[in-house]
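Here the structure comes first, spelled out in structure tokens, and everything after it is commentary.
Counting starts at 1 for both ligands and their atoms, following the listed order.
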Amino acid sequence: MSLRGAAILGVGSYLPEHVLTNADLEQMVDTTDEWIVSHTGIRERRVMTDDQATSDLAYEAATRAIKDAGLSHEEIDFIIVSTFTGDYLLPATANLLQARLGCGEASGFDLLSGCTGFVLGLVTGSSLVQSGIFDHVLVVAAESLTRVTNWDDRSTCVLFGDGAGAVVLGPTKEGHGFLGAETIGQGEWAHLLMIPAGGSRKPLDEEALRAHEDKLSMAGHDVYKLSVRGVPLVCERTIAKAGLTAHEVEWVIMHQANKRIMDAAAKRFGWSPDHVPVTIDKYGNISAASMPVTLDDVYRQGKILPGEHVLFIGFGAGFALGGALFEWTKPAPAQCDGHAL
Ligand code: ACO
């Protein structure tokens, strides 16, 4: 099997229409717009409708990414969906997506790694393309976080939103596209960010439901400390593995958990804040989906140019950190007009 390059051929995203503002949250829990903005950078987030599920969000983002890649749905060979809020515990949302998209007999799986999932999807998908096993791999990150939000807990309910982003990976010249990756697992901190009930350790019962253990719980300050410590490390190691220096990285697409974490990384590595794009202000934390949504936001504005280096950095539940570095090979989209395709 000969190695070839793997590049991002298409990008797409989808955000539900309904906007939940900080002012709306002030009516729901004991919080203020001032606290939310100063502690997180979030001003508003999107909320899916009652009849939408994760595969519906994923479908919209995937359709846009496949169109952007100039491919037909039948040309997708494999599907990876990064999510922890899939439509069902079984089957995988990737299988539902394949049928709905009409991607021939493409197989796939759901990838569960919280906010780092999109990076792991990029690494896995790129390896499948580089090895020649598949030509076109669809990597989607889609989350229905408002479905697992405890709306009585002000320390978490102000943070999360719903949305999906997707890329299509395909072959390119050897040595181009995907340049390197790093992952760091710190499972000893798994208890800091979890949905305690509904799995085999603690099946869902009335007591668990009463205690909101079917919802996401997070020791925010401890997770913040792990993130602040881990992000520079995974940035450094990913850049080194790709054989580059921080000054050669033009774009840093980082998980949107807290604007302060992004600002600190930009300062540490000397990156202009304009090149560490922020979407948390308008979409909140959408877990793994925040990276492809942010990528699409910048790409649609025609800002990323062929030959530039794009560093993806994820961190979150697990505790897990991951980085992937790509050389951008796509021209700017014909119409640089936001999310409208
Ligand atoms: N409104 C007003 N006050 C609040 C709110 C709120 N919404 N939430 C908490 N507070 C209060 C607390 O009760 C506490 O009050 P006290 O001092 O009287 O006890 C005070 O604010 C400070 O609370 P902290 O939790 O220490 O606040 P912190 O400055 O750490 O900010 C935050 C909280 C925003 C959650 C931060 O810790 C954070 O960003 N954590 C990291 C999140 C992250 O990286 N997640 C990873 C990925 S997420 C995923 O995987 C799904």
Could you list which atoms of ligand 1 come closer than 4.0 Å to a heavy atom of [X]?
X    : result
N285 : 48 (S)
A317 : 50 (O)
H39  : 28 (P), 29 (O), 31 (O), 34 (C)
T40  : 34 (C)
H221 : 26 (O), 28 (P), 30 (O), 37 (O)
F315 : 44 (O), 47 (C)
S227 : 44 (O)
G316 : 46 (C), 47 (C), 50 (O)

Distance to 0.1 Å, residue and atom name: give those for the protein heavy atom nearest to [atom].
atom                    : result
atom 47 (C) of ligand 1 : C115 SG, 3.3 Å
atom 11 (C) of ligand 1 : R154 NH2, 3.6 Å
atom 42 (C) of ligand 1 : M218 CE, 3.8 Å
atom 37 (O) of ligand 1 : G220 O, 2.9 Å

Quiz item: Should the ring pair F326 and F312 be called parallel, tilted or perpendicular, given that the plane angle runs from 0 to 90° and is split at 30 and 60?
Solution: perpendicular

Quiz item: Where does the angle between the aromatic ring planes of H39 and W35 fall among parallel (under 30°), tilted (30 to 60°) and perpendicular (over 60°)?
Solution: parallel

Specify whether the nearest protein heavy atom to [atom] is under 4.0 angstrom away.
atom                    : value
atom 50 (O) of ligand 1 : yes
atom 32 (C) of ligand 1 : no
atom 39 (O) of ligand 1 : yes
atom 16 (P) of ligand 1 : no
atom 2 (C) of ligand 1  : yes

Quiz item: Does even one non-hydrogen atom of A257 get within less than 4.0 Å of ligand 1?
Solution: yes

Quiz item: Would you say L193 contacts ligand 1, with heavy atoms under 4.0 Å as the rule?
Solution: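 Right, L193 reaches ligand 1.
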
Self-check item: Neighbour count >12 (heavy atoms, 6.0 Å) for atom CD, E105
Solution: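 Incorrect, the count does not exceed 12.
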
Self-check item: F109 CZ: over 12 foreign heavy atoms closer than 6.0 Å
Solution: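 Above 12, so yes.
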
Quiz item: Please, which pairs that meet salt bridge (Lys or Arg N to Asp or Glu O under 4.0 Å) have at least one residue in residues 38-63, sequence neighbours excluded?
Solution: D56-R100

Self-check item: Sequence neighbours excluded, every pair satisfying salt bridge (Lys or Arg N to Asp or Glu O under 4.0 Å) that has a member inside residues 250-265
Solution: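 Qualifying pairs, neighbours excluded: K259-D263.
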
Self-check item: Nearest-0.5 Å distance, CD of residue Q27 to OG1 of residue T21
Solution: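 Those atoms lie 9.0 Å apart.
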
Quiz item: Any idea which of F319, Y224, W35 brings a heavy atom closest to atom 27 (O) of ligand 1?
Solution: W35

Quiz prompt | Pick from L159, N22, I286, V223: the one approaching atom 35 (C) of ligand 1 most closely through a non-hydrogen atom | solution =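 Nearest option to atom 35 (C) of ligand 1, by heavy atoms: L159.
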
Give me the atom names and distance for the closest heavy-atom approach of [X] to [Y].
X    : Y    : result
A65  : A166 : CB-O, 3.7 Å
L9   : K330 : O-NZ, 2.8 Å
I280 : N258 : CD1-N, 3.6 Å
L57  : Y14  : CD2-CE2, 3.5 Å

Quiz item: Taking both backbone and side-chain atoms of T31, is any N or O found less than 3.5 Å from an N or O belonging to ligand 1?
Solution: yes

Quiz item: Would you say S287 has any N or O atom under 3.5 Å from an N or O of ligand 1, going by distance alone?
Solution: no

Quiz item: Do E143 and F84 come within less than 4.5 Å of each other through their side chains, counting heavy atoms only?
Solution: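 Result yes, sub-4.5 Å side-chain heavy-atom pair found.
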
Practice problem: State, with a plain yes or no, whether a side-chain heavy atom of D68 is found less than 4.5 Å away from one of R300. | Solution: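 Yes - at least one pair of side-chain heavy atoms lies under 4.5 Å apart.
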
Exercise. Decide side chain to side chain contact (heavy atoms under 4.5 Å, CB included) for V167 and F118; before the verdict, give the C-alpha distance in whole Å, the side-chain angles of both, and the deciding distance to 0.1 Å.
Key: CA-CA 10 Å; V167 297; F118 182 67; 4.0 Å; yes

Quiz item: At a non-hydrogen distance cut-off of under 4.0 Å, which region of N258 contacts ligand 1 (side chain, backbone, both, or neither)?
Solution: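 The part of N258 near ligand 1 is the side chain, not the backbone.
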
